[in-house]
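The sequence lines fix the lettering, A, B, ..., with proteins before strands; numbering per chain opens at 1. Just so we're clear, the structure is a prediction, and the values are computed from it rather than from any experiment.
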Amino acid sequence: MKAEELKTKLVEILSGAGLNYENFNVFPSAKKEFGDFSTNIFLKIKQTEKNISIKKLIILIQKNAWMKENFEKIEEKNGFLNFFLKDSIVYSVINEILSKKQDYGRSDSGNKKKVLIEFVSANPTGPLTIAHGRQAAFGEALSRILAFSGWQVTKEYYLNDCGRQMELLGISLKSHYLKIRGMPAEIPQDGYHGEYLKEIAKKLPDGYEKKESGFFEGLAKQEIMTMIKDDLREFGVVFDRWFSEAELRKSGRVEEVIRMLEEKGLIYEKDDAIWFKSTLYGDDKDRVIRKKDNSYTYLAPDIAYHQYKINRGYDLLINLWGPDHAGYVARIKAAVNALGFSPEKLQIIIVQLTTLYRGKEKISMSTRKGQFITLKQLMDEVGPDAAKFFFLFRKADSHLDFDIEIARKKTEENPVYYIQYAYVRAKHILEFAKEKGIDQKDIAGADFSLLREPIELDILKKLKKFPSIVQQAATTVEVSKIAPYILDLSGTFHSYYQKFRVVDENLKKSCARTALVQCLFIVMHTGLELLGISQPEKM
RNA sequence: GCGCUUGUAGCUCAACAGGAUAGAGCGUUAGCCUCCGGAGCUAAAGGCUGUGGGUUCGACUCCCACCAAGCGCGCCA
């Protein structure tokens, strides 16, 4: 049961009593002594309806058949109404999980609507950094969660493969190439000085000395793209589509969208440049889309890109951006709006930066000096799973402190190992039970009412919450709900394990407990899967 | 200077659309291995939610001011 279900029921009961009232909350109880669900319904009602008998309403609710069916006890305390679930209702989650298996928690709340998630989208001018890593982890997990919740998800990478930065990349590679062969060459001051480019230059065959920098640009793009794709694959992220800005420009869509805006009277000329009246749609100031020298600013193709994305039939666009693009949200939303689409169609999530630490020591990074930790380096050091877990544990818009030392540790300090240990431990118990002759039939047919320990009911209630945790993550587009949930579940399980034996001489009880462990195992499996974290066989 | 994000236990963070006595983990301290994996468990200590006002039955949450940190504020991407 979900809180909304209970609320709907309460609204129904109220209206049956002639009260049309919906302005109240139903939420999971903050404490055990407050039961399983609580509502502030009476605190709210009292504000507007002065002459209502609360006592009568309580009795009305208590007498309702559905309430009687689901709740052991419904009581009023400190103005709140607290609901205590019947154990039998709690046990029902076991059958539900055992029958749905890996689909437990799946829903169709997305109604098969199409969503396009665009993320990472790093310029192909260098290796992915940890900032991209966090976006990659977040985008991948969000995709999985939305797909699990009934959305049709497409993952797309927008490739800024033209413009000044790419030119510079070509020039830089050529200079590296010439220098390695002992020829005079200078890498431009604002060019790319990183080691990776030198490596690429070394691999190239002789005979390219006379080639234009544009030739090198193509080579560099090719090589770096391969590097990026390899890193992403190792990180467990595969995109459905790589969308090239160069091709977008070739297609004529940029001119087309500017013409559209012009027809709407949203374009004007000033100081030899062409401007978009974004202020009409809530931006701070108008933006240049074509410069004095007739070339486009980055905004022009971006508007075209967003228009094209929507025209491809997506109901929702989600962009993951770094905080350096935060100031850019207003203008692109203005553009989407100006093109006649609701700005709600575009949801932009700012994924905040990550600061790396090695214990107490902060690792300072500077892209300009070529001093940065790449995603590859991070994966090599702590492994993809630990990296993903830490990236996904915090809200996207919170700054993240990532301590490499902790992520490397194989002790209780490291939550990744704590969780994976719980998972492996559960798996091991299931294997042990199997060895002892407990099979799936015994598990499904077990007498669950033998699970009487408070901690057993506690685990079941937590398992029961899983679908709404997923749901919440999907509707709020906030991946960070999942990891703490799994961590909490792991903790409760470790504690249970310590205190009680699952498989022993008491066969009936062993079967019931094995069923419990199997359910927990399934939920943990799905949870880890949604985060893109691997489920180890052993440790 | 303006804008966005953030400020909660020693540290890293929770707290559902304003709800009950602000919760976890780590670290610290004191304990627990004949037993399905101790990479684990149990317990204790630890707080004027950055500061000062306001809104109300009720504020970590909303409003105003201030303080501190990070990031933006280009005819760069």
Side-chain angles (χ1 to χ4, degrees), chain A residues 3 23-31 33-34 38-40 43-44 46-47 77-80 82 121-123 125 160 162-166 190 245 270-275 284-285 287-299 301-302 322-330 350 352-353 355 357 360 390 393-395 397-403 406 409-418 420-422 424-433 435-436 468-469 472 476 480-481 484 487-488 490-491 493-504 510 513-514 517 538-539:
Chain A
N23 183 26
F24 62 93
N25 290 0
V26 179
F27 46 92
S29 304
K31 291 190 168 194
E33 52 175 303
F34 299 150
S38 302
T39 174
N40 58 359
L43 291 167
K44 288 288 180 189
K46 271 197 295 194
Q47 289 174 16
K77 198 173 186 182
N78 303 338
F80 292 86
N82 296 324
S121 300
N123 291 357
T125 54
N160 292 111
C162 44
R164 178 69 186 147
Q165 292 308 312
M166 291 305 288
D190 52 353
E245 181 187 346
K270 195 180 96 184
D271 305 336
D272 298 325
I274 292 182
W275 298 67
D284 302 340
K285 50 180 171 184
R287 307 291 169 177
V288 171
I289 54 173
R290 206 172 76 195
K291 302 181 239 173
K292 252 182 209 162
D293 66 0
N294 274 339
S295 67
Y296 294 120
T297 64
Y298 52 93
L299 187 57
D302 245 29
D324 51 336
H325 287 68
Y328 188 49
V329 174
I350 301 295
Q352 281 293 344
L353 291 179
T355 311
Y357 287 82
K360 289 242 158 76
F390 283 97
F393 199 67
R394 301 294 174 221
K395 283 187 284 198
D397 58 9
S398 304
H399 299 260
L400 178 70
D401 282 343
F402 189 131
D403 189 338
I406 289 178
K409 277 188 187 166
K410 305 202 167 177
T411 67
E412 59 191 289
E413 278 178 77
N414 186 347
V416 182
Y417 284 89
Y418 187 83
Q420 293 190 325
Y421 186 51
V424 171
R425 181 173 254 177
K427 191 181 174 66
H428 203 263
I429 291 175
L430 293 176
E431 278 159 11
F432 183 82
E435 276 171 36
K436 293 287 172 191
S468 52
I469 299 279
Q472 208 185 339
T476 61
S480 66
K481 304 284 173 200
L487 186 63
D488 177 54
S490 305
F493 175 60
H494 278 310
S495 183
Y496 176 58
Y497 171 88
Q498 202 71 30
K499 216 165 163 190
F500 300 99
R501 239 193 113 80
V502 175
V503 180
D504 61 11
S510 297
R513 287 185 169 170
T514 305
V517 173
K538 38 170 104 149
M539 296 174 73

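- A/K436 comes within 4.0 angstrom of nothing in the nucleic acid, heavy atoms only.
- The two residues A/N82 and A/S38 come nearest to each other via the heavy atoms OD1-OG, 2.8 Å.
- The same atom, P, is picked in B/G31 and in B/C35; the two are 23 Å apart, to the nearest Å.
- Taking atom C1' on both nucleotides, B/U61 is separated from B/G19 by 11 Å, rounded to a whole Å.
- A/K436 places none of its side-chain heavy atoms less than 4.5 Å from the side chain of A/T514.
- B/C4 and B/G70 make up a base pair, with Watson-Crick or G-U wobble contacts both under 3.5 Å.
- Across all strands shown, B/U56 has no partner, as no Watson-Crick or G-U wobble contact with both distances under 3.5 Å is found.
- Distance from the side chain of A/N123 is smallest to B/A77 among B/A77, B/C75, B/U5.
- The nucleotide whose nearest atom lies closest to any side-chain atom of A/V502 is, among B/C41, B/C36, B/C75, B/C36.
- Checking the phosphate oxygens (OP1, OP2) of B/A39, no side-chain nitrogen or oxygen of A/R425 falls inside 4.0 Å.
- Residue A/Q498 is the one, among A/Q498 and A/K292, whose nearest nucleotide of RNA chain B lies closer to the 5' end (criterion: closest heavy atom).
- Side-chain contact between A/V416 and A/F390 is present, with heavy atoms from C-beta onward closer than 4.5 Å.
- For A/S38, whose side chain is taken as the heavy atoms from C-beta onward, the closest listed nucleotide among B/A77, B/C73, B/A20 is B/A20.
- A/F500 comes within 4.0 angstrom of a nucleotide base, judged by non-hydrogen atoms across all strands.
- Taking every side-chain heavy atom of A/V288 into account, B/C75 is the closest of B/A77, B/U21, B/C75.
- Nucleotide B/G23: paired with B/C13 (Watson-Crick or G-U wobble, both distances less than 3.5 Å).
- Between B/A20 and B/U28, the distance separating the two P atoms is 33 Å to the nearest Å.
- With centroids closer than 5.5 Å and planes inclined by less than 30 degrees as the test, A/F80 and the base of B/A20 pass as a stacked pair.
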Using a cut-off of 4.0 Å between protein heavy atoms and nucleotide atoms, how would you tag nucleotides 9-16 of chain B 5' to 3' with B, S and -? ---BSSSB
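- Using Watson-Crick or G-U wobble geometry with both donor-acceptor distances under 3.5 Å, B/G46 finds no partner in any strand shown.
- The C1' atoms of B/U56 and B/C13 are separated by 30 Å, rounded to the nearest whole Å.
- As a whole-Å value, the separation of A/E431 CD from B/C36 C1' is 11 Å.
- Side-chain contact between A/V288 and A/D271: absent, with no pair of heavy atoms (C-beta onward) separated by less than 4.5 Å.
- Residues A/H494 and A/Y421 have side chains in contact (heavy-atom distance under 4.5 Å, counting atoms from C-beta outward).
- At least one side-chain heavy atom of A/N40 sits less than 4.5 Å from a side-chain heavy atom of A/F80.
- Minimum atom distance to the side chain of A/Y421 is reached by B/G40, of the listed B/G19, B/G40, B/A20.
- A/V424 comes within 4.0 angstrom of a nucleotide base, judged by non-hydrogen atoms across all strands.
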Please assess A/F24 against A/L43 for the test side chain to side chain contact (heavy atoms under 4.5 Å, CB included), listing each intermediate value before the final yes or no. CA-CA 9 Å; A/F24 62 93; A/L43 291 167; over 6 Å; no
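- For the pair A/Y497 OH and B/C33 P, the interatomic distance rounds to 15 Å; values are reported in whole Å.
- Rounded to an integer number of Å, the gap from NZ of A/K270 to P of B/G74 is 13 Å.
- In this structure, A/N160 reaches the sugar-phosphate backbone alone: every heavy-atom distance under 4.0 Å involves primed, P, OP1 or OP2 atoms, never a base.
- In this structure B/C71 sits in the anti conformation; its chi angle is more than 90° from 0.
- In the interface, the side chain of A/N40 is not paired with the base of B/A17 through any donor and acceptor atom under 3.5 Å apart.
- Taking atom CZ of A/F432 as the reference point, atom C1' of B/C36 lies 5 Å away to the nearest angstrom.
- Straight-line distance from the CD1 atom of A/I406 to the P atom of B/C26: 11 Å, rounded to whole Å.
- Proximity of A/Y418 to the phosphate of B/C41: a side-chain N or O atom is located under 4.0 Å from OP1 or OP2.
- Nearest to the side chain of A/K44, among B/A77, B/G19, B/G40, sits B/G19.
- For A/D324, whose side chain is taken as the heavy atoms from C-beta onward, the closest listed nucleotide among B/A20, B/C36, B/G72 is B/G72.
- Nucleotides B/C63 and B/U55, compared at atom C1', are 7 Å apart to the nearest Å.
- In this structure, A/D271 atom CG and B/C75 atom P are separated by 10 Å, rounded to whole Å.
- Regarding A/D284, its CG atom lies at a distance of 9 Å from the C1' atom of B/C2, rounded to whole Å.
- Residues that satisfy the side-chain contact (heavy atoms from CB on, under 4.5 Å) test with A/D293, not counting sequence neighbours, are A/K291, A/S295.
- Put simply, the side chain of A/I429 reaches to within 4.5 Å of the side chain of A/Y497, judged on heavy atoms.
- With B/G23, B/C36, B/C41 as the choices, the nucleotide that has an atom nearest any side-chain atom of A/H494 turns out to be B/C41.
- Nucleotide B/U51 is matched to B/A65 when pairs are restricted to Watson-Crick or G-U wobble geometry with both distances under 3.5 angstrom.
- In terms of phosphate contacts, A/Y496 brings no side-chain nitrogen or oxygen within less than 4.0 Å of OP1 or OP2 of B/G40.
- For the pair A/G491 and A/Y418, the tightest heavy-atom approach, listed with the atom from each and the gap, is CA-OH, 3.0 Å.
- Using a 4.0 Å heavy-atom criterion, one finds that A/N294 contacts no nucleic acid atom at all.
- For A/L43, counting side-chain heavy atoms from C-beta on, the closest listed nucleotide (B/G74, B/U5, B/G19) is B/G19.
- The C1' atoms of B/U34 and B/C26 are separated by 32 Å, rounded to the nearest whole Å.
- Side-chain contact, A/Y328 with A/R287: no donor N or O sits under 3.5 Å from an acceptor N or O.
- The separation of B/G47 from B/C64, taken at their C1' atoms, amounts to 26 Å, rounded to a whole angstrom.
- Atom-to-atom, CG of A/D302 to P of B/C76 comes out at 15 Å; the value is rounded to the nearest Å.
- Between B/A20, B/G23, B/C75, one nucleotide has an atom nearer to the side chain of A/A273 than all others, and that is B/C75.
- Side-chain contact between A/Y298 and A/N160 is absent, with no heavy-atom pair separated by less than 4.5 Å.
- OP1 or OP2 of B/U42 lies within a sub-4.0 Å distance of a side-chain N or O belonging to A/S495.
- Annotation: B/G1 and B/C11 have their P atoms spaced 29 Å apart (nearest Å).
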